[in-house]
4 protein chains.
Amino acid sequence: MAKSKEKLQVETSVKDAQLIEFRRQQIINAAIVLFKEKGFHRATTREIAKVAGFSIGTLYEYVRTKEDVLYLLCDHIYHEVKQRLASFPQRSGTIDELKEAIKQYFLLIDSMTDAFTIMYQESKSLSKEALHYVLNKEMEMVALFQNILENCSELGVLRLSEQELFLAANHIVIQGQSWAFRKWALHRHCTIDEFIEYQMDTFLFGIIRK
Amino acid sequence: MAKSKEKLQVETSVKDAQLIEFRRQQIINAAIVLFKEKGFHRATTREIAKVAGFSIGTLYEYVRTKEDVLYLLCDHIYHEVKQRLASFPQRSGTIDELKEAIKQYFLLIDSMTDAFTIMYQESKSLSKEALHYVLNKEMEMVALFQNILENCSELGVLRLSEQELFLAANHIVIQGQSWAFRKWALHRHCTIDEFIEYQMDTFLFGIIRK
Amino acid sequence: MAKSKEKLQVETSVKDAQLIEFRRQQIINAAIVLFKEKGFHRATTREIAKVAGFSIGTLYEYVRTKEDVLYLLCDHIYHEVKQRLASFPQRSGTIDELKEAIKQYFLLIDSMTDAFTIMYQESKSLSKEALHYVLNKEMEMVALFQNILENCSELGVLRLSEQELFLAANHIVIQGQSWAFRKWALHRHCTIDEFIEYQMDTFLFGIIRK
Amino acid sequence: MAKSKEKLQVETSVKDAQLIEFRRQQIINAAIVLFKEKGFHRATTREIAKVAGFSIGTLYEYVRTKEDVLYLLCDHIYHEVKQRLASFPQRSGTIDELKEAIKQYFLLIDSMTDAFTIMYQESKSLSKEALHYVLNKEMEMVALFQNILENCSELGVLRLSEQELFLAANHIVIQGQSWAFRKWALHRHCTIDEFIEYQMDTFLFGIIRK
DNA sequence: TATGAATGAGACTTCATTCAT
DNA sequence: CATGAATGAAGTCTCATTCAT
């Protein structure tokens with residue numbers, strides 16, 4: 001797996017970039033369905049190809065190993081998260097911005113429950129190199145919230161130490177994820193909106209008071 | 001896998017109950033090491049036997065399938081959690097009791113990081129029946145905290161709705177687990193004690209205010 | 001194993017029907033050699049693949065389990081029997097037709113001694129479902145002779161009760177098979193032709209007299 | 001396996017001859033049940049010991065290998081057959097004696113269907129040496145009938161060539177066995193007595209006429 | 001580009017047999 | 001004599017990956 005500072009490249013024998021993009025999206029969609037149903041290891045490449053709508057031979061034209069499929073999936077998720085959270089940032093440093101960011105993040109997770117769950121249960125199957133890359137992305141996600149919190153902190157809205165900033169950002173990320181992999185228990189007691197409200201409430205109050 | 005209301009039984013061809021207990025603990029210990037290192041699927045039964053200190057044949061005298069090993073491991077964890085949380089319950093309904101419970105739970109997780117991580121990443125590999133049993137245990141764990149919170153609520157220390165009780169209990173459980181599977185990121189910024197303090201602080205403040 | 005009223009289907013991942021037919025014939029041939037030499041249980045799937053001329057992986061592209069190999073073998077035999085006995089039916093109801101049928105059946109067995117012996121010693125290793133199917137075929141074989149006898153009976157050449165018709169048909173089938181699994185003893189005393197003549201003689205005389 | 005002209009000896013580490021006899025009968029009985037149910041290969045030595053009523057360790061005090069169990073079983077059957085057919089021989093050379101012998105043989109088989117079926121389906125699993133011994137016994141059984149037929153022939157009751165004598169004896173033995181391994185089909189159409197009568201009738205008529 | 005038959009390393013599991021108690 | 005825990009060779013089957021068409 002070739003490496004670049006920015007992104008691990010999954011090599012192909014196919015040249016047409018658009019086709020690559022298209023096929024890979026098919027692969028990711030198939031992978032989400034299958035990995036959710038049976039996990040990374042129990043899902044076979046043959047099945048992935050079949051669900052994706054082409055042959056096993058074709059699959060291997062767009063991916064070098066099964067692990068690549070998982071990597072593609074993880075990468076895809078972070079891409080989505082970034083896009084979603086990047087779409088509204090006014091860098092105002094107000095509590096409202098923070099709230100909006102949290103809300104968007106939670107809603108995103110709710111709309112991609114399966115993908116998130118897979119990522120958290122299967123990323124350990126990545127190679128050291130790929131895992132490292134994915135965990136970095138994860139930290140970037142935390143950093144996104146850390147930034148927003150920092151803005152608030154600088155404007156005096158919050159009063160948090162370095163450590164508290166980090167822990168608070170983590171707190172948000174984790175609670176969001178928990179909606180994905182504990183949905184089976186949570187959604188019997190509340191909707192995503194109620195969940196968001198509760199988290200926001202508790203969290204902000206716990207934070208702001210300082 | 002025979003079933004009883006209380007516990008799924010893993011059958012053996014060995015008769016000496018003490019020996020069974022002993023060997024199974026060896027198996028669990030070996031499994032924790034290996035599952036942590038390579039995950040459930042990449043770890044082979046032969047390796048498990050080897051690390052446990054006996055032959056593959058012997059392993060299968062104490063376990064019917066590889067899945068049984070995972071089940072044994074999960075069951076073991078819940079056993080520990082219950083013992084730990086059951087060891088100090090004065091049922092006082094005070095905030096101090098709540099704090100102590102949370103602390104014990106977090107410390108337990110810290111001392112069994114690997115086991116907890118495995119459970120959360122691999123339990124999906126259990127059979128439907130075994131998974132159901134494990135998830136039930138998980139809910140029992142949540143219920144433990146729910147009870148303590150309820151006690152506090154009844155004594156007027158807290159003022160929480162049914163839903164809030166459940167969400168708060170979940171909150172605790174999740175944050176505790178997050179220390180296990182995000183330790184790699186967290187422990188670079190704080191110790192377990194600092195983490196506990198932070199969680200307690202934020203959480204309780206977010207809760208109590210009501 | 002999918003089921004249809006007519007035939008149990010052994011499923012494949014290979015799509016080319018002609019190739020399937022070809023490979024399966026290779027498998028059956030290999031199985032006859034090996035099952036004869038060491039029996040169903042002592043013959044390994046790896047050996048079967050090797051003798052058939054391909055890898056173990058390929059074997060499992062054309063067969064789902066080892067049992068399938070045995071089933072394929074049994075099915076093949078009945079196919080042959082039917083073809084052979086169906087090739088000359090003038091439905092005349094004469095003794096000559098009966099004699100010809102018996103002769104063809106005995107000659108067929110002589111040319112497939114190994115396959116027949118295997119079938120009678122190993123069919124018990126089939127699953128209940130497959131065994132049932134095979135025993136049904138066996139009864140169909142008996143019925144073939146029962147029909148011929150019935151024709152003779154209706155034309156007054158023979159005078160047999162229902163029960164006698166059945167027993168007589170069985171008699172033929174069994175004596176034929178005995179040439180297969182007792183060849184080791186019989187062929188030291190007579191050729192297949194002598195055996196046929198003796199059986200015909202004794203049997204017909206015992207029957208016709210009535 | 002030590003060899004003597006008369007009988008293959010299965011060695012033991014136990015000395016008490018009576019106990020040996022007793023335990024072996026237990027083993028044979030257990031083997032009949034289990035080999036019938038699952039065949040020689042699928043039945044495990046552990047099961048045999050369990051059904052026999054003792055431990056696996058004890059089993060191996062009275063038998064050196066699993067194959068020995070099968071051998072013991074086969075040997076036992078021939079012992080029974082000989083005893084049964086030896087109990088009434090007046091060497092009269094009459095048709096009635098022949099008829100009585102046939103009847104006794106058929107009745108014996110009917111009372112030991114399972115054992116006979118096992119012998120014919122599993123004896124192939126014996127070592128070459130043991131198989132040879134068992135097949136010899138089989139030929140002795142044929143010879144028993146050959147003798148009786150010869151007596152009749154000498155007295156002029158029958159008029160058969162050497163070859164015919166052999167084939168006729170075989171005929172009897174085979175038809176008897178067929179009651180064992182085709183009982184599933186036959187007993188729906190007739191009782192053992194009807195079967196005997198039919199066989200006697202057809203066979204004798206086919207024979208005597210000469 | 002797309003296909004799918006072929007490959008074979010390697011996984012899980014069984015079970016006959018031994019031997020210390 | 002009896003026991004049963006331990007052993008490990010060997011068997012069946014899966015599935016990621018390749019490559020000729």
Side-chain angles (χ1 to χ4, degrees), chain A residues 12-16 19-20 23 41-50 53-69, chain B residues 12-16 19-20 23 41-50 53-69, chain C residues 12-16 19-20 23 41-50 53-69, chain D residues 12-16 19-20 23 41-50 53-69:
Chain A
T12 332
S13 61
V14 176
K15 303 297 167 210
D16 182 342
L19 185 54
I20 293 176
R23 288 275 188 249
H41 282 97
R42 291 211 203 290
T44 70
T45 50
R46 259 137 124 138
E47 287 173 314
I48 295 170
K50 193 174 180 182
F54 36 72
S55 73
I56 181 67
T58 301
L59 178 71
Y60 276 88
E61 296 285 332
Y62 297 94
V63 128
R64 274 177 327 99
T65 65
K66 187 184 178 185
E67 201 204 294
D68 277 355
V69 176
Chain B
T12 328
S13 65
V14 176
K15 292 167 180 176
D16 182 341
L19 186 56
I20 292 175
R23 289 272 186 254
H41 283 98
R42 288 211 203 291
T44 71
T45 50
R46 251 197 272 275
E47 283 173 317
I48 296 171
K50 195 172 181 182
F54 36 71
S55 74
I56 181 68
T58 300
L59 176 71
Y60 277 92
E61 294 280 330
Y62 297 93
V63 129
R64 275 176 324 100
T65 64
K66 187 183 180 186
E67 199 206 296
D68 277 354
V69 176
Chain C
T12 326
S13 64
V14 176
K15 292 168 179 175
D16 182 341
L19 186 55
I20 292 176
R23 290 274 186 251
H41 283 98
R42 290 211 203 291
T44 70
T45 50
R46 249 195 275 274
E47 284 173 316
I48 296 171
K50 195 173 180 183
F54 36 70
S55 73
I56 181 67
T58 300
L59 176 70
Y60 278 91
E61 294 278 333
Y62 297 93
V63 129
R64 277 177 321 102
T65 64
K66 188 184 179 185
E67 199 205 295
D68 277 355
V69 176
Chain D
T12 333
S13 61
V14 176
K15 302 296 168 211
D16 183 341
L19 185 54
I20 292 176
R23 288 274 189 248
H41 283 97
R42 292 212 203 289
T44 70
T45 50
R46 259 135 125 138
E47 286 173 315
I48 295 170
K50 193 173 180 183
F54 36 73
S55 74
I56 181 68
T58 301
L59 177 71
Y60 275 87
E61 296 285 331
Y62 297 94
V63 126
R64 274 178 327 98
T65 65
K66 187 184 179 185
E67 200 205 296
D68 277 354
V69 176

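Residue numbers start from 1 in every chain, and the chains themselves are labelled A, B, ... in the order their sequence lines are given, proteins ahead of strands. No experiment lies behind these values; they were computed from the predicted model shown.
Atoms CG (D16(A)) and C1' (dA2(E)) sit 14 Å apart, rounded to a whole Å. Between the CZ atom of R64(A) and the P atom of dT17(F) there is a distance of 9 Å, given to the nearest Å. Between the CD1 atom of I48(C) and the P atom of dT12(F) there is a distance of 7 Å, rounded to whole Å. Taking atom CD of E47(B) as the reference point, atom C1' of dG10(E) lies 12 Å away to the nearest angstrom. We find that NE2 of H41(B) is positioned 13 Å from C1' of dC15(F), with the value rounded to whole Å. When the P atom of dA6(F) is taken as reference, atom CD1 of I20(B) falls 10 Å away, rounded to whole Å. Between the P atom of dT14(E) and the NZ atom of K66(D) lies a distance of 15 Å, rounded to the nearest Å. Atom pair L59(A):CG and dT18(F):C1' shows a separation of 13 Å (rounding to whole Å applied).
The phosphate of dA16(E) (OP1 or OP2) has a side-chain N or O of T45(D) nearer than 4.0 angstrom. Phosphate contact (OP1/OP2 of dA2(F), side-chain N/O of R23(D), threshold under 4.0 Å): present.
Distances were taken from every side-chain heavy atom of T58(A) (C-beta onward) to each of dT3(E), dT17(F), dA5(F); the shortest belongs to dT3(E). Candidate nucleotides dG4(E), dC15(E), dT17(E) were compared by shortest atom distance to the side chain of T44(D), and dC15(E) ranks first. Listed nucleotides dA2(E), dA6(E), dT13(E) differ in distance to I56(B); the shortest reach to its side chain belongs to dT13(E). Picking from dT18(F), dA2(F), dT13(E) the nucleotide with the shortest atom distance to the side chain of Y60(A) gives dT18(F).
Ionic pairing of E61(B) and R46(D) is present here: one or more N-O contacts between side-chain nitrogen and carboxylate oxygen are shorter than 4.0 angstrom.
Annotation: the span from I56(A) atom CD1 to E47(A) atom CD amounts to 10.5 Å, rounded to 0.5 Å. For the atom pair R23(C) CZ and D16(C) CG, the distance stands at 10.0 Å (nearest 0.5 Å).
Two residues are said to be in side-chain contact when any heavy atoms from C-beta on lie closer than 4.5 Å; Y60(B) and T45(B) meet this criterion.
Between H41(A) and H41(B), the two ring planes are parallel [angle under 30°; tilted spans 30° to 60°].
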- Item | Base-pairing string, 5' to 3', of DNA chain F - Watson-Crick or wobble, under 3.5 Å, | interstrand | .||||||||||||||||||||
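Both F54(B) and R46(C) sit near DNA chain F, but only F54(B) has its closest nucleotide nearer the 5' end. With the nearest nucleotide of DNA chain E identified for both K15(C) and E61(A), E61(A) has the one nearer the 5' end. Each of V14(C) and G57(D) was matched to the nucleotide of DNA chain E holding its nearest heavy atom; the match closer to the 5' end belongs to V14(C).
Side-chain atoms of R42(D) stay outside donor-acceptor range of the base of dG11(F), with no qualifying N/O pair under 3.5 Å.
At a threshold of 4.0 angstrom between heavy atoms, the contacts of A49(B) with the nucleic acid are absent.
Of the listed residues (V69(C), T58(C), I48(C)), just one forms a side-chain contact (heavy atoms from CB on, under 4.5 Å) with V63(C), and that residue is V69(C).
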